[in-house]
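Because the structure is predicted, anything quoted here is derived from the model rather than measured. Counting starts at 1 for both ligands and their atoms, in listed order.
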Amino acid sequence: MTPPTPHTLISPTPHTRVRRADRATYERSTIHAILDEALVCHLGFVEIADARPVVIPMLHVRVGDNLYFHGSPAGRIFRLLGRSPLVCATVTIVDGLVLARSAFHHSANYRSVVVMGRTEPVADLAARRSVLDALTDKLVPGRRPGLRPMTDKEVRGTAVVRLPIEEASAKIRSGPPIDDEDDYRLPIWAGVIPVTQVFGVPVPDPRQLADIDPPGRADAIPPTRPGFVGS
Ligand SMILES: Cc1cc2nc3c(=O)[nH]c(=O)nc-3n(C[C@H](O)[C@H](O)[C@H](O)COP(=O)(O)OP(=O)(O)OC[C@H]3O[C@@H](n4cnc5c(N)ncnc54)[C@H](O)[C@@H]3O)c2cc1C
């Protein structure tokens, strides 16, 4: 597993230079934090056969300066990703709806990241296992030690690809609406409606064996997670 690099900024490239620079950041720690919080990543690539762009939602996990994706080695996507195509991965966290005094100035508060580069297959089984463990730990922190361990067959049967976070940018919008100066005198409500991701109370599997305690909240859904709502 590659250790994180000490550089605090990821240099913008012609592909990742944000035109509206006031909302852009290339700070590595900010980019990492957004990637870590987002649950879904949209992975875009071009189908060579018919030169058609495709964007597919996937789970992802960041380890150090790499983003990882996993899936079935037999599927179309991982057969293609294993050939190291150019891809564009995006994650988005919507933090609020921004209500201005005119429809024109309505907006959204958000944190988003775009990462570009070539995927590389992770062939080494130990490295693959450690990525899959990291993915489980990201989705449900603390749960993995209580699970049946992953078998070698399961690891062999799962494709993993790495996308180095070398060409990457983040954009962040926060704060109140920005209205035309004259509009601030209008008797219209304006502000932000916050949007949060909510994790609910766990629903047991109908085939759950009797007398097994439900996962403790700190185990299954850590209260530190943004958007957590307890029972
Ligand atoms: C939140 C989320 C997380 C996911 N995480 C993973 C993951 O980590 N690994 C993984 O392998 N898969 C993941 N998937 C599923 C993934 O999006 C694809 O559906 C899957 O990888 C390939 O499906 P396929 O072989 O049926 O389709 P393909 O043969 O790859 O695609 C054929 C066509 O099916 C349609 N299609 C494919 N996927 C979707 C979709 N999700 N929604 C609507 N239309 C679709 C498109 O038109 C596409 O061109 C995730 C999906 C979601 C929504």
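Near Gly71, the atoms of ligand 1 lying under 4.0 angstrom from a non-hydrogen atom of the residue are 11 (O). Each of the following atoms of ligand 1 lies closer than 4.0 Å to a heavy atom of Phe78: 11 (O).
Listed by first and then second residue, the side-chain hydrogen bond (donor to acceptor under 3.5 Å, both in side chains) pairs involving residues 82-104 are Asp95-Arg111, Arg101-Asp179 (not counting sequence neighbours).
Within 4.0 Å of atom 8 (O) of ligand 1, at least one protein heavy atom is present. The presence of a protein heavy atom under 4.0 Å from atom 30 (O) of ligand 1 is confirmed. Taking a distance limit of 4.0 Å, we find that atom 49 (O) of ligand 1 is approached by some protein heavy atom. For atom 26 (O) of ligand 1, the nearest protein heavy atom is 4.0 Å or more away. Closer than 4.0 Å to atom 19 (O) of ligand 1 lies none of the heavy atoms of the protein. Distance remark: protein heavy atom not present below 4.0 angstrom from atom 46 (C) of ligand 1. Of the protein's heavy atoms, none falls inside 4.0 Å of atom 34 (O) of ligand 1. Distance remark: protein heavy atom not present below 4.0 angstrom from atom 23 (O) of ligand 1.
Of the protein's heavy atoms, Val40 CG2, 3.7 Å lies nearest to atom 1 (C) of ligand 1. Looking only at protein heavy atoms, the nearest one to atom 21 (O) of ligand 1 is Ile77 CD1, 3.5 Å. With respect to atom 10 (C) of ligand 1, the closest heavy atom belonging to the protein is His70 O, 3.6 Å. In terms of protein heavy atoms, atom 12 (N) of ligand 1 is closest to Met58 SD, 3.9 Å.
Remark: distances from the non-hydrogen atoms of Pro57 to ligand 1 include one below 4.0 Å. Residue contacts with ligand 1: Phe69 is excluded, as none of its non-hydrogen atoms falls under 4.0 Å.
Interatomic distance, CD1 of Ile93 versus OG1 of Thr196, reported as 12.0 Å (0.5 Å rounding).
Annotation: side chain of Arg76 is in contact with side chain of Ile56 (closest heavy-atom distance under 4.5 Å). Leu135 is not listed as a side-chain neighbour of Tyr68, based on a closest heavy-atom distance of 4.5 Å or more. Here the side chains of Pro85 and Val46 are not in contact, with every heavy-atom distance at 4.5 Å or above. The closest side-chain heavy-atom distance from Asp65 to His32 is below 4.5 Å. Inter-residue side-chain proximity for Gln197 and Leu39 is flagged as met; some heavy-atom pair is nearer than 4.5 Å. Using a 4.5 Å heavy-atom threshold, the side chains of His60 and Leu43 count as separate. Contact of the Val54 side chain with the Leu80 side chain is not registered, since no non-hydrogen atoms from C-beta on lie closer than 4.5 Å.
Residue Asp50 places its CG atom among more than 12 non-hydrogen atoms of other residues, nucleotides or ligands, all under 6.0 Å distant.
Among Leu81, Leu39, Ile56, Thr158, the residue whose heavy atom lies closest to atom 39 (C) of ligand 1 is Ile56.
In this structure a side-chain-to-backbone donor-acceptor pair under 3.5 Å is present from Arg128 to Ala123.
Looking at Arg76 next to ligand 1, an N or O pair under 3.5 Å apart turns up. Any N or O atom pair closer than 3.5 Å counts here, and Leu59 shares at least one such pair with ligand 1.
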Salt bridge (charged side-chain N to carboxylate O under 4.0 Å, His left out) evaluation trace for Arg162 with Glu120: CA-CA 5 Å; Arg162 169 196 307 119; Glu120 303 159 359; 2.9 Å; yes

